[in-house]
Protein chains: 2
Amino acid sequence: MWDAMVDAAGKEELGEAGALDVSSIEHSVIFQIKRTQALLTRRFQSRFAGFDLRPGEYGILLLIATNPGRKQTEIADALGIQRANFVPLINSLERRHLTERRPSLHDRRSNALYLTPYGEDFVQGIYQAEATFEAECTVRLGGAKSREAFLALLSRLVAGAAPTSP
Amino acid sequence: MWDAMVDAAGKEELGEAGALDVSSIEHSVIFQIKRTQALLTRRFQSRFAGFDLRPGEYGILLLIATNPGRKQTEIADALGIQRANFVPLINSLERRHLTERRPSLHDRRSNALYLTPYGEDFVQGIYQAEATFEAECTVRLGGAKSREAFLALLSRLVAGAAPTSP
DNA sequence: TATTGTTATACTCTATAACTATA
DNA sequence: TATAGTTATAGAGTATAACAATA
């Protein structure tokens with residue numbers, strides 16, 4: 001053992017023991033939001049593993065459900081997905097007979113997106129699981145009021161201009 | 001034009017006009033935190049473009065600065081980076097003479113990580129830019145008190161058990 | 001037997017450019 | 001000329017498995 005010279009209770013010039021000083025990142029908004037998002041996504045994925053959907057596909061199904069007949073670009077834009085990256089996602093959903101593309105009646109360049117009857121049933125399961133997951137978030141955040149405050153703070157972070165004090 | 005039959009002011013059976021109904025994702029914690037994180041990371045990256053660092057490298061430099069002599073696994077763990085993915089990051093920093101690996105005095109398996117003198121200077125610039133960025137986040141969130149509340153809510157989301165009302 | 005650092009590898013997400021058909 | 005969808009491709013970030021050296 002090379003550590004015979006080390007004072008077990010204290011520090012030594014090279015190589016300390018014990019927990020790291022993480023103060024520089026612990027109070028950083030950018031670091032903490034990144035960590036929280038990563039952990040929440042993992043939790044979400046493990047909870048929704050039964051649906052066998054990639055992260056982006058949940059949003060696509062939900063938005064088509066409430067906005068049937070819209071074109072791919074519109075759904076993609078609303079989710080922040082580029083149209084080139086949207087194609088393999090909607091292909092995968094269509095291959096599973098959850099959605100379908102119909103030619104638009106107004107613009108022969110675009111596809112109108114719809115859920116299949118099977119897709120409608122499928123989305124009901126997502127609604128329920130989503131509601132359960134969000135309810136758990138609400139509990140963690142300390143209630144509905146706290147949850148709304150949290151969402152409001154998130155939207156303030158993304159807002160175009162920095163608002164002054166309320 | 002195929003849309004002669006469409007009532008410009010209202011809706012038609014297939015293909016509506018106007019904004020999408022995004023209520024299903026707008027009030028979702030998981031969707032909003034993901035969107036906010038993505039936008040904040042872009043903003044951070046554009047603001048820190050001058051440093052030519054990948055996202056993970058900021059945290060590594062900050063943690064080595066406050067924890068010199070720690071081994072790779074410790075720094076990686078604190079940042080949620082797997083040790084296999086840590087290697088190319090620390091290699092890149094070392095190639096730029098910002099950090100260096102020294103053999104540990106206690107454990108010949110591990111490397112002790114240090115900033116070079118140049119790395120120390122470099123980190124000062126990061127501190128300043130970070131402080132500016134975080135100060136901007138504070139303004140957006142509505143002040144220091146609101147910021148602390150936001151960080152507290154983030155930590156509640158990641159907490160192991162769901163806490164009851166405070 | 002377990003841990004540290006490393007390599008290799010794969011998979012996802014994201015980003016850009018270019019093509020086609022329509023407008 | 002611009003837009004919608006598509007293809008191809010490249011870059012990050014992240015995941016696991018396996019290995020050598022050391023504990």
Side-chain angles (χ1 to χ4, degrees), chain A residues 1-4 6 15 17 31 34-35 37-42 44-46 48-49 52-60 69-95 99-113, chain B residues 1-4 6 15 31 34-35 37-39 41-42 44-46 48-49 52-60 69-77 79-94 99-113:
Chain A
M1 296 285 250
W2 284 53
D3 57 1
V6 181
F31 277 94
K34 187 173 183 177
R35 164 176 309 186
Q37 191 268 337
L39 192 142
L40 225 59
T41 297
R42 280 163 173 266
F44 182 90
Q45 285 285 75
S46 74
F48 284 70
D52 192 29
L53 293 174
R54 280 167 288 182
E57 296 176 332
Y58 294 97
I60 294 176
R70 294 303 192 117
K71 54 187 178 184
Q72 298 184 190
T73 310
E74 290 178 305
I75 303 293
D77 283 354
L79 292 166
I81 303 172
Q82 298 185 65
R83 69 188 199 278
N85 297 327
F86 188 86
V87 176
L89 294 172
I90 195 69
N91 280 346
S92 171
L93 293 174
E94 200 166 85
R95 225 175 292 122
T99 64
E100 59 180 9
R101 282 179 263 218
R102 301 183 201 159
S104 167
L105 299 180
H106 320 299
D107 186 338
R108 280 150 63 199
R109 293 173 299 181
S110 64
N111 300 325
L113 300 180
Chain B
M1 294 286 249
W2 284 54
D3 58 1
V6 181
F31 277 94
K34 188 171 182 178
R35 164 176 309 187
Q37 191 268 336
L39 192 142
T41 297
R42 281 165 173 266
F44 183 90
Q45 285 285 75
S46 74
F48 284 71
D52 192 28
L53 292 174
R54 281 169 287 181
E57 295 175 334
Y58 294 99
I60 295 176
R70 295 302 191 117
K71 54 187 177 183
Q72 296 184 190
T73 310
E74 291 178 306
I75 303 293
D77 283 355
L79 292 167
I81 302 172
Q82 297 184 66
R83 70 187 197 279
N85 297 326
F86 188 86
V87 175
L89 293 173
I90 195 69
N91 280 346
S92 171
L93 293 174
E94 199 167 86
T99 64
E100 59 181 9
R101 282 179 263 218
R102 302 184 201 158
S104 167
L105 299 180
H106 320 299
D107 187 338
R108 280 151 61 201
R109 293 173 300 182
S110 63
N111 300 324
L113 300 180

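Quick note on labels: first sequence line is chain A, next is B, and so on, each numbered from 1.
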Proximity to the side chain of B/Arg108 - top-ranked nucleotide from D/dT16, D/dT22, D/dT7: D/dT22

Just the rounded figure in Å: distance from P of C/dC13 to CD1 of A/Ile81. 9 Å

Per nearest nucleotide of DNA chain D, the residue lying toward the 5' end, A/Asn91 or A/Lys34, is A/Asn91

Integer-rounded Å distance: D/dA4 P and A/Arg109 CZ: 6 Å

Considering just the side-chain nitrogens and oxygens of A/Gln82, establish if one lies under 4.0 Å of OP1 or OP2 belonging to C/dT14. no

A/Ser104 and side-chain contact (heavy atoms from CB on, under 4.5 Å): which single residue from A/Arg102, A/His106, A/Arg108 fits? A/His106

note: A/Ile90, atom CD1; D/dT7, atom P; distance rounded to Å ~ 13 Å

Examine D/dA4: is either OP1 or OP2 under 4.0 Å from a nitrogen or oxygen in the side chain of A/Ser104? Give yes or no. no

Between C1' on D/dG5 and CG on A/Asn111, what's the gap in Å once rounded to a whole number? 7 Å

What integer distance in Å separates B/Leu89:CG from C/dT7:P? 13 Å

Of the listed nucleotides C/dT16, C/dT6, D/dA4, the one nearest the side chain of B/Val87: C/dT6

Rounded interatomic separation in angstrom, taking CG from A/Leu113 and P from D/dA4: 13 Å

Using a cut-off of 4.0 Å on non-hydrogen atoms, how would the nucleic acid contact of A/Gln72 be classed: base, sugar-phosphate, or nothing? sugar-phosphate

Are the side chains of A/Pro55 and A/Gln45 in touch, meaning some heavy atoms are under 4.5 Å apart? yes

Picking from D/dA4, D/dT6, D/dA17, which would you name as closest to the side chain of B/Ala84? D/dA17

Name the closest nucleotide to the A/Lys71 side chain, picking from D/dA4, D/dT7, C/dG5. D/dA4

Has the side chain of A/Arg83 got a donor or acceptor atom sitting under 3.5 Å from an opposite partner on the base of D/dG5? yes

Do the side-chain N and O atoms of B/Thr41 and B/Gln37 include a donor-acceptor pair separated by under 3.5 angstrom? yes

Regarding C/dA15, can its base be found pairing with the side chain of A/Asn85 as donor and acceptor, where the two atoms are less than 3.5 Å apart? yes

Hey, is the side chain of B/Thr73 poking within less than 4.0 Å of OP1 or OP2 on C/dG5, counting only N and O atoms? yes

Examine distances only and state if a side-chain atom of B/Glu57 and a backbone atom of B/Leu93 form a donor-acceptor pair shorter than 3.5 Å. no

Taking for A/Pro88 and for A/Arg42 the nucleotide of DNA chain D with the nearest heavy atom, the one nearer the 5' end belongs to A/Pro88

Kindly compute the distance separating OG (A/Ser110) from CD (A/Glu74), expressed to the nearest 0.5 Å. 8.0 Å

Interatomic distance where CZ belongs to B/Arg54 and P belongs to C/dT14 [whole Å]: 19 Å

Within this structure, what is the CG-to-P distance between B/Leu105 and D/dT22, rounded to whole angstrom? 15 Å

